[in-house]
Amino acid sequence: MRALVVTAVGAESNSVLTGLTPHPDSPGPEPRTLPGSYPITRRDLPGIAFDVLVGGVGPAAAAAGTATALALAEYGLVVSAGIGGGFAPAAPVGSLVVADAIVAADLGAQTPDGFVDVASLGFGRSVHLPPAELAARAAEATGALLAPVLTVSTVTGTADGAAALAARHPMAGAEAMEGFGVAEAAAAHGLPVLEIRAVSNAVGPRDRAAWRIGDALAALAEGFRVLGPVLANWGERHEQHRGRS
């Protein structure tokens, strides 16, 4: 199977590639550039090949970058990966969250009665569901929290904002900015999607001194170190099932 992993920035891509490089002395092919100036790097593991793409920040950029890559090669799985904010206490700094739902948390309308998501407005969908078995296996293998991951266009930076988001999504584990865009592009190509986030900060008041980006990037690398064989096994069984159907 061939999987596309989409990150927002180069530091996230480098962490994913570190996790997918079992022999650092033989790191593999150099990055190449897709149309639109998207860097993409390949890593091959037993039973699975990964293309790791830097797609840009935010859902629109992520959707555009993902769609570009999917139009140029055949994939069996798309993964949105990177760092994000965690909802305390369930997802502390340095931990991992694997999405059991990828939610467009601020796509909709504000009304006198509160926020109404785009699905309730009748203008599309606001949730993508990763394959349940795959998400559960990925969470178990990496020690991650299995919970909804929220996609926002504006990162939460106040206590009131965090409280409002948690009230609308009480089971949420993390927020980030790209997952729903990646999932939309994957769905347009009929492909399953997964999202994994390493927590660099708590969702809430913006306090850069409390961010632990290095710890989160290290956790992301370690997550992909163990995730590779899980995805390879799932891909093999998924393709066998498709072959019988």
From CA spacing to verdict: side-chain contact (heavy atoms from CB on, under 4.5 Å), Val78, Val182:
CA-CA 8 Å; Val78 181; Val182 173; 3.5 Å; yes

Apply the test side-chain contact (heavy atoms from CB on, under 4.5 Å) to residues Ser13 and Leu17: give CA-CA distance (whole Å), side-chain angles for both, the deciding distance (0.1 Å), then the verdict.
CA-CA 6 Å; Ser13 174; Leu17 290 166; 3.8 Å; yes

With a 4.5 Å limit on heavy-atom distance, are the side chains of [X] and [Y] in contact?
X      : Y      : answer
Ile40  : Thr33  : no
Leu70  : Leu191 : yes
Thr158 : Pro205 : no
Thr41  : Glu30  : no
Thr151 : Glu178 : no
Glu184 : Arg125 : yes
Val149 : Ile102 : no
Glu12  : Leu217 : yes

Work out which heavy atom in [X] is nearest to a heavy atom in [Y]; give both atom names and the distance.
X      : Y      : value
Pro192 : Leu77  : O-CD1, 3.5 Å
Ala209 : Arg212 : O-NH1, 3.0 Å
Gly173 : Ala91  : O-CB, 3.3 Å
Ala69  : Leu4   : CB-CD2, 3.7 Å
Glu175 : Phe87  : N-CE1, 4.1 Å
Gly85  : Val199 : C-CG1, 4.3 Å

Can you measure from [atom1] ([X]) to [atom2] ([Y]) and round to the nearest 0.5 angstrom?
X      : Y      : atom1 : atom2 : value
Arg168 : Asp106 : CZ    : CG    : 7.5 Å
Ser95  : Asp215 : OG    : CG    : 11.0 Å
Leu107 : Phe115 : CG    : CZ    : 6.5 Å
Trp234 : Leu194 : CH2   : CG    : 9.0 Å
Arg42  : Leu53  : CZ    : CG    : 14.5 Å

Identify which one of Leu220, Asn14, Val16 satisfies the side chain to side chain contact (heavy atoms under 4.5 Å, CB included) criterion when paired with Thr7.
Val16

From the options Thr142, Leu231, Val98, Val230, select the one residue that forms a side chain to side chain contact (heavy atoms under 4.5 Å, CB included) with Arg137.
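By the side chain to side chain contact (heavy atoms under 4.5 Å, CB included) criterion, Arg137 pairs with just one of Thr142, Leu231, Val98, Val230: Val230.
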
What about [X] and [Y], same hydrophobic cluster or not, with Ile/Leu/Val/Met/Phe/Trp/Tyr joined at side-chain heavy-atom distances under 4.5 Å?
X      : Y      : result
Val6   : Leu34  : yes
Val118 : Met177 : no
Leu145 : Val103 : no
Ile83  : Val226 : no
Val52  : Val57  : no

Donor-acceptor under 3.5 Å (Thr68 side chain, Ala64 main chain)
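Yes.
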
Any pair counted as ring-ring contact (aromatic ring centres under 6.0 Å, His included), so long as it reaches residues 126-153, sequence neighbours left out
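Only His128-Phe180 qualify under ring-ring contact (aromatic ring centres under 6.0 Å, His included).
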
Remaining members of hydrophobic cluster (4.5 Å side-chain criterion), Val54:
none

Looking at Phe50, does the NZ or CZ of Arg2 lie under 6.0 angstrom from its six-membered ring centre and within 45 degrees of the ring axis?
no

Any side-chain donor paired with an acceptor under 3.5 Å for Arg225 and Thr21?
no

Does atom CD of Glu74 have more than 12 heavy-atom neighbours from other groups under 6.0 Å away?
no

